[in-house]
Amino acid sequence: MKADKKAFKQKVFEVVRKIPKGKTLTYKEVAKRAGSPKAFRAVGNILNTNYNPDIPCHRVIRSNGKVGGYNRGRTEKVRKLKQEGVIK
DNA sequence: CGTATGACGTGCA
DNA sequence: GTGCACGCCATAC
């Protein structure tokens with residue numbers, strides 16, 4: 001394991017943490033900002049295994065416009081997005 | 001260290 | 001427009 005790989009994870013958290021309220025980013029966008037535009041898969045994995053309470057991962061959605069998933073049940077995710085007006 | 005899994009994306013039928 | 005299959009990266013066990 002190299003620190004570079006760990007940096008990617010840290011970057012993902014940082015990027016997601018910078019997402020303003022009422023705004024959403026796609027996994028691809030986050031992965032691109034993290035330094036690997038093709039690691040959108042790993043991004044979801046990182047959030048899934050290392051879900052941090054300070055990270056609004058609920059603002060990260062799929063490129064299809066779908067919410068995607070969340071912590072085992074996306075009810076809270078959709079709920080928050082709805083409250084922020086991100087979802088119709 | 002190697003294998004398997006996964007909150008995804010894109011292409012083709 | 002919808003469905004199926006493959007490919008990709010990083011993490012965790």
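Below, chains carry the letters A, B, ... as their sequence lines are ordered, and counting in each starts from 1. Because only heavy atoms are used, hydrogens play no part in the values below, and waters and symmetry mates are left out as well, while side chains stay in. Because the structure is a prediction, the values reported are computed rather than measured.
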#### Entry: Residue pair A/Asn52 / A/Asp54: nearest heavy atoms and the distance that separates them
OD1-N, 2.8 Å
### Message
Regarding A/Ala39, tell me which of base, sugar-phosphate or nothing describes its non-hydrogen contacts under 4.0 Å with the strands shown.
### Response
sugar-phosphate
### Query
Do any of residues 22-34 of chain A sit with a heavy atom less than 4.0 Å from DNA chain B, and if so which?
A/Tyr27, A/Lys28
### Message
Listing request: all side chain to side chain donor-acceptor pair (under 3.5 Å) pairs with a residue in residues 12-25 of chain A, at least two apart in sequence or in separate chains.
### Response
A/Glu14-A/Lys18
### Query
For A/Tyr70, what are the other residues in its hydrophobic cluster, where any two members join if their side-chain heavy atoms are less than 4.5 angstrom apart?
A/Tyr51
## Note on the structure
The reported gap from CZ in A/Phe13 to SG in A/Cys57 (rounded to nearest 0.5 angstrom) is 8.0 Å
### Query
Please, which pairs that meet salt bridge (Lys or Arg N to Asp or Glu O under 4.0 Å) have at least one residue in residues 24-34 of chain A, sequence neighbours excluded?
none
### Message
Mind checking if A/Asn64 touches a base, just sugar-phosphate, or nothing, with heavy atoms under 4.0 Å?
### Response
sugar-phosphate
### Query
Near DNA chain C, which residues from residues 45-60 of chain A have a heavy atom under 4.0 Å away?
A/Asn45, A/Ile46, A/Thr49, A/Asn50
### Message
List the residues meeting side chain to side chain donor-acceptor pair (under 3.5 Å) with A/Arg62, not counting sequence neighbours, and say none if there are none.
### Response
none
### Query
Quick one: which of C/dC9, C/dG7, B/dA7 gets closest to the side chain of A/Ser36?
C/dC9
### Message
Looking at A/Arg62, I'd like to know whether one of its side-chain N or O atoms comes within less than 4.0 Å of OP1 or OP2 on B/dG9.
### Response
yes
### Task
Group every Ile, Leu, Val, Met, Phe, Trp and Tyr by side-chain heavy-atom contacts under 4.5 Å, then state whether A/Val67 and A/Val60 land in the same group.
no
### Query
NZ of A/Lys66 versus P of C/dG1: gap in Å, rounded?
12 Å
## Note on the structure
Taken to the nearest 0.5 Å, the spacing of A/Tyr27 OH from A/Asn45 CG works out to 10.5 Å
## Note on the structure
Rounded to whole Å, CZ of A/Phe40 lies from C1' of B/dT10 at a distance of 8 Å
### Task
Find the distance A/Lys38:NZ to B/dG9:P and express it as a whole number of Å.
15 Å
